[in-house]
Enquirer: 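Attaching a single structure in structure tokens format; questions to follow.
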Amino acid sequence: QKMYDEGSAVSQVPSQFLRLGKEKITIDFNSQKLKAMLRKYYSYPVDHRKQIWTNLLQLPRNSDAYKELLSKPELPQAARLVEQKRCKKRIIPIINSLIHWHAALLNCDWIPLFVQKLDNTFGSDPLFIFEVTLTFLLNYFGDWLSEFPGPPPEILSRIDAIFTNYDPILRDGLGSGLVAWPVYRSCFAEILYERSWLEMMDIILSSNPQFYEFLVVAWLIFNSRQLRI
């Protein structure tokens, strides 16, 4: 019930949100329409996803700042991270820019997988990919950016409490940190196919940030048999 409360991104969109469409056919979207769409279809229209995310996350589209980061020397760690995860070499400039933005990210081997998922769909707009990644990091990892790459104790503690509340037997059998942290940190980028991941991101980026913690627990419970094996 609190997914789309006043703390969610979809409830904070500008009042004159956006108009989508081509030629003479237009569709006006606002907060209530977006919420209704998610509740009915569980995702945003494929053709309009990029524009919706741009407005939903209020991306600054700061090309000058991004160009400045791109102009910095290429770090060998950036290429190494991409190669380790067997991602496309063309995302190296984005990873390099992220590391220059926050050096601790060079220890986060899951970052390329997240960026690669975005690149597969929005590869023609690296600025969009960079700003979506940055916004995600600030909203879901902002409290402990200085503690990378170790898991955030506060978040894991909340996930453990949720897990214990919903399935204490499974929680005692698996623990929380060992299985929850890999899922949380990569935002399911390692385990979901493209379409499913984008649809899930529609909901995550629109919801109250804490909903993500409940989603991780739901995934653990849903996949309990495989995890036990």
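Because only heavy atoms are used, hydrogens play no part in the values below, and waters and symmetry mates are left out as well, while side chains stay in.
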Enquirer: Specify whether Trp53 and Phe122 have parallel, tilted or perpendicular ring planes, treating 30° as the upper limit for parallel and 60° as the lower limit for perpendicular.
Expert: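 Correct class here is tilted.
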Enquirer: Can you name the closest pair of heavy atoms from Leu56 and Ser206 and give their distance?
Expert: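 Heavy-atom minimum between the residues: CD2-OG, 3.4 Å.
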Enquirer: For the rings on Phe214 and Phe163, is their centre-to-centre separation under 6.0 Å?
Expert: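 No - the distance between ring centres of Phe214 and Phe163 does not fall below the 6.0 Å cut-off.
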Enquirer: Could you check, using the six-membered ring where one of them is a Trp, whether Tyr4 and Phe211 have ring centers closer than 6.0 angstrom?
Expert: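 They do not qualify: ring centres at least 6.0 Å apart.
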Enquirer: In this structure, is the centre-to-centre distance between the rings of Tyr184 and Trp219 below 6.0 Å?
Expert: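 Distance test on ring centres: not under 6.0 Å, no.
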Enquirer: Restricting to side chain to side chain donor-acceptor pair (under 3.5 Å), what partner residues turn up for Asn139, sequence neighbours left out?
Expert: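 For Asn139, no residue satisfies side chain to side chain donor-acceptor pair (under 3.5 Å) once neighbours in sequence are set aside.
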Enquirer: Output, in order, the C-alpha distance, side-chain angles, deciding distance and verdict of side-chain hydrogen bond (donor to acceptor under 3.5 Å, both in side chains) for Lys35 and Ser11.
Expert: CA-CA 8 Å; Lys35 289 179 185 178; Ser11 293; 2.9 Å; yes
Enquirer: Under the side chain to side chain donor-acceptor pair (under 3.5 Å) test, which residues partner Ser97, sequence neighbours left out?
Expert: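 Result, side chain to side chain donor-acceptor pair (under 3.5 Å) vs Ser97: none returned.
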Enquirer: Where the side chain of Lys85 meets the backbone of Leu113, is there a donor-acceptor pair that is under 3.5 Å apart?
Expert: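 Pair absent, no side-chain N/O of Lys85 close to backbone of Leu113.
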Enquirer: Do Tyr66 and Phe128 have side chains that approach each other closer than 4.5 Å (heavy atoms only, starting at C-beta)?
Expert: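 A side-chain contact is absent here, since even the closest heavy-atom pair is not under 4.5 Å.
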Enquirer: What's the separation between atom CG in Leu59 and atom CD in Glu131, rounded to the nearest 0.5 Å?
Expert: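 Nearest 0.5 Å value for the CG-CD distance: 5.5 Å.
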Enquirer: Are any of the side-chain nitrogens in Glu199 or Arg195 under 4.0 Å away from the carboxylate oxygens of its partner?
Expert: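 Yes, Glu199 and Arg195 are salt-bridged.
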Enquirer: Tell me, do Val115 and Ile111 make a side-chain contact under 4.5 Å, heavy atoms counted?
Expert: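 They are in side-chain contact.
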Enquirer: Using modelled atom types and a 3.5 Å cut-off, is there a donor and acceptor pairing between side-chain atoms of Ser157 and backbone atoms of Pro153?
Expert: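 No, Ser157 side chain to Pro153 backbone: no donor-acceptor pair under 3.5 Å.
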Enquirer: Might you confirm whether atom CD of Gln84 has over 12 heavy atoms from other residues, nucleotides or ligands at distances under 6.0 Å?
Expert: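 Yes, the 6.0 Å shell around CD holds more than 12 heavy atoms from other groups.
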Enquirer: Take atom NZ in Lys88; do more than 12 heavy atoms of anything else shown fall under 6.0 Å from it?
Expert: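 Correct, the count exceeds 12.
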Enquirer: Tell me whether His100 contacts the main-chain N or O of Pro73 through its side chain, where contact means a donor paired with an acceptor under 3.5 Å.
Expert: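 Here the side-chain-to-backbone pair exists.
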Enquirer: Does the Thr135 side chain pair with the main chain of Leu57, one donor and one acceptor, at a distance under 3.5 Å?
Expert: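 No: the side chain of Thr135 does not pair with the backbone of Leu57.
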Enquirer: State whether the side chain of Ser196 and the backbone N or O of Leu192 hold a donor-acceptor pair below 3.5 Å, judged by distance alone.
Expert: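 Between the backbone of Leu192 and the side chain of Ser196 there is no qualifying donor-acceptor contact (under 3.5 Å).
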Enquirer: Indicate yes or no: at least one non-hydrogen side-chain atom of Phe114 is less than 4.5 angstrom from one of Met201.
Expert: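 The answer is yes, as the side chains (C-beta and beyond) meet within the 4.5 Å cut-off.
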Enquirer: Flag the pair Ile155 / Trp181 as yes when at least one side-chain heavy-atom distance between them is below 4.5 Å, and no otherwise.
Expert: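 No, side chains not in contact.
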Enquirer: Any salt bridge linking Asp125 with Arg61? Criterion: basic side-chain nitrogen under 4.0 Å from a carboxylate oxygen.
Expert: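 The answer is yes: the pair qualifies as a salt bridge.
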